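Input: a single structure, listed below in structure tokens.
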Amino acid sequence: MKKEKNDPLFSLIKSLSKSEKRQFKLYAGRLGGNTESNFMSLFVWMDKIKTYDENLILEKTQIKKQQISNTKAHLYRQILISLRLSPVHQNSITQIREQIDFATILYTKGLYKQSLRLLDKTKLVAVNKEQYNLAYEIIELEKVIESQYITRSMNDRADTLAIEAKNINQKNVITSKLSNLSLQLYSWFLKHGYARNDNDTHLVEQYYKDRIPKYTFSELGFTGKMYLYQANLWQGFITQDFLSCYRNSQKLVQLFHDLPDMKKLHPVFYLKAVNYLLESLFYLQRKDKFQETLSRLTKEIREEKKFSSENTQNLCFLYLYQHKINSFYLTGEFNKGTEFVKEVVVELNKTDKKIDAHHVMLFYYKIACMYFGAGDYKNCIVYLSKIIKNKDLKMREDLLCYTRVLNLVAHYESGEDENIDELIKSTYKFLLKMNNLYEVQKKMIKFLRNLSNLYPHQLRKSFNELYQELKIYEDHPYEKRSFLYLDILSWLEANIKGVPVEDIVKQKIKRLN
């Protein structure tokens, strides 16, 4: 199993579709001898086997042990060349790069005029598609060629190219700074989650102010605006300003609707934009708008060919299923949600480790919360354990902390509380280690620690006391984030009234609407 994970060639071959395998065989067979060559034998056997086994390959082929490394490297390169030629993997960016390659070949053959003509046409496409890095590369190549292809207009041409290079470079600098800011804020969120205190909020706001470049909005173009909205959006998520998140994600989605060609060129960014919009609507509890947006995305994914690549298919699964789970939270239908969870788990297993550990963890936490809402505490513990036992997770410290807290509550509710004191101690130590101990968490742990000392007739009063203590934090700037991860107030109210958590959540939703 370890070799399977670590062998890039085997992973690449297993990712190929039937049509891609057929195309590769046609591509490799364009010269008669290739069909019997070592690299084709290697391809055939690696396609057949389910787990990578180098000894089996050496046994079944004529490849010698000292040849296997070079044969694998050659096969890997040939597959990539075949994929690059496939229309499925062609877009404006690959076509621009191809034209640059053609122009370079013409230049090396001394056909300067033809090369310059091709570069001039390609440069217009690159600028129109806002591929400024490629446009800059084209201008630099034009400079090299112009220095050898001397004409009477050389002086004017040199000035024109210098001005073009300067303008393109300025656009690149601003766009790069905005994309850096967006990425670094996203990285902060992945590491820490929401701002925990005034110091966190100040750090994020100051970080944003220090790094936001000076710009003229009307001159940003599509790419610049996209990264600007993303940066604003991540600042909003970190500081829990979900209204700002909603406004910026809405602008981001509208940007793609205004320029449909960019949706085809950047399907990943479009999917992310809709995902941000859905997350914002979820946190704002805008149920109708959320369902409308989710339905539109579902229809688009079903009908649009631009989401056909494996990468976008993985994202489609990720966003659709996460938000379908969220839709059950918005309606309070946890028992129905647990039926849907079975489908999620099947599909999650099909992804074959193509979804990163962070998003898998998110799925497990959402699934655990679904079971908790449905009163199925044993299954809740099963999925929380998957997160707790994974020692390689280094992201979203906040989620790791709330996983421990929910695990504590689920053990109490399930009756599996023989070792509750040890569990309380380990949870408390973990929260201290993560520097993530809040008043809400402190009061919950203290409450659970004292439960074993209460008589049955004292339970309702104790639940009610904790409920009143925690209720005051519901709108607290930082403490309220506890309730984004775990609706502990609904759990307490359910215990006070002696009804399922699902009933309490449904009553809350009715009051909101």
Side-chain angles (χ1 to χ4, degrees), residues 1-106 108-109 133-134 137 265 267-268 305-318 348-357 360 392:
M1 185 62 75
K2 189 175 179 182
K3 284 186 178 181
E4 178 188 350
K5 283 190 213 175
N6 293 338
D7 191 82
L9 175 61
F10 186 76
S11 299
L12 176 61
I13 290 172
K14 291 304 175 185
S15 75
L16 298 176
S17 65
K18 286 183 180 180
S19 62
E20 287 170 339
K21 290 175 186 175
R22 185 167 57 250
Q23 178 178 306
F24 172 70
K25 288 175 183 177
L26 289 170
Y27 166 77
R30 67 197 186 285
L31 297 175
N34 278 355
T35 53
E36 302 299 325
S37 62
N38 280 346
F39 82 89
M40 277 307 296
S41 298
L42 180 61
F43 175 80
V44 169
W45 275 102
M46 288 187 93
D47 186 31
K48 280 182 181 179
I49 58 180
K50 293 186 177 178
T51 56
Y52 182 69
D53 186 340
E54 192 168 291
N55 291 327
L56 179 65
I57 290 167
L58 292 171
E59 179 188 327
K60 296 292 183 180
T61 66
Q62 295 181 356
I63 304 170
K64 296 176 182 176
K65 190 168 182 63
Q66 59 267 33
Q67 295 176 314
I68 190 74
S69 180
N70 287 338
T71 305
K72 285 170 67 177
H74 180 63
L75 175 58
Y76 192 91
R77 185 171 181 274
Q78 293 301 312
I79 292 172
L80 289 180
I81 293 171
S82 172
L83 290 172
R84 187 176 184 275
L85 295 172
S86 170
V88 175
H89 301 288
Q90 291 288 321
N91 58 31
S92 299
I93 297 172
T94 56
Q95 287 164 6
I96 292 168
R97 292 184 190 281
E98 185 179 62
Q99 295 302 305
I100 295 172
D101 290 343
F102 290 160
T104 304
I105 291 168
L106 291 170
T108 57
K109 291 185 67 64
N133 283 320
L134 291 174
E137 185 181 332
L265 187 60
V268 168
K305 292 182 180 179
K306 59 179 169 286
F307 301 131
S308 59
S309 75
E310 195 163 1
N311 182 35
T312 52
Q313 283 292 307
N314 286 336
L315 285 178
C316 287
F317 161 76
L318 193 67
L348 196 57
N349 290 334
K350 284 182 186 176
T351 60
D352 195 27
K353 299 182 175 61
K354 288 173 186 173
I355 292 178
D356 61 276
V360 172
D392 296 327

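Treat the numbers as computed from the prediction; the structure is a model and nothing was measured.
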Asn38 side chain near Thr61 side chain, heavy-atom distance below 4.5 Å: no
Separation between CZ of Phe102 and CD of Gln95, rounded to the nearest 0.5 Å: 10.5 Å
Euclidean distance, Leu26 CG relative to Leu85 CG, rounded to 0.5 Å: 12.0 Å
Closest approach of Ile49 to Asp53 (non-hydrogen atoms, all atoms of both residues): CD1-N, 3.9 Å
Heavy-atom side-chain contact between Asp7 and Lys72 under 4.5 Å: yes
Gap separating the CD atom of Gln67 from the CG atom of Leu58, nearest 0.5 angstrom: 9.5 Å
Heavy-atom check, side chain of Ser11 versus side chain of Lys14, under 4.5 Å: no
Gln62 CD: over 12 foreign heavy atoms closer than 6.0 Å: no
Shortest non-hydrogen contact from Phe10 toward Lys50: CZ-O, 3.5 Å
From Glu54 atom CD to Trp45 atom CH2, the distance as rounded to the nearest 0.5 Å: 15.0 Å
CG on Asn70 to CG on Leu75, rounded to 0.5 Å: 12.5 Å
Test item: Gln78 side-chain N/O and Ala28 main-chain N/O as donor-acceptor pair under 3.5 Å: no
Trace of the side chain to side chain contact (heavy atoms under 4.5 Å, CB included) decision for Leu16 with Asp47: CA-CA 9 Å; Leu16 298 176; Asp47 186 31; over 6 Å; no
Flag side-chain contact, heavy atom, 4.5 Å: Thr94 against Arg84: no
Sub-4.5 Å side-chain heavy-atom contact between Leu42 and His74: no
Close side-chain approach of Phe24 and Met40, heavy atoms under 4.5 Å: yes
Lys60, NZ atom: more than 12 neighbouring heavy atoms under 6.0 Å: no
Heavy-atom closest pair, residues Ile100 and Glu137: CG2-OE2, 3.9 Å
Any Leu9 side-chain heavy atom under 4.5 Å of Ile79 side chain: yes
Side-chain heavy atoms of Leu83 within contact of Leu12, under 4.5 Å: yes
Spacing of Leu106 atom CG and Gln99 atom CD [to the nearest 0.5 Å]: 9.5 Å
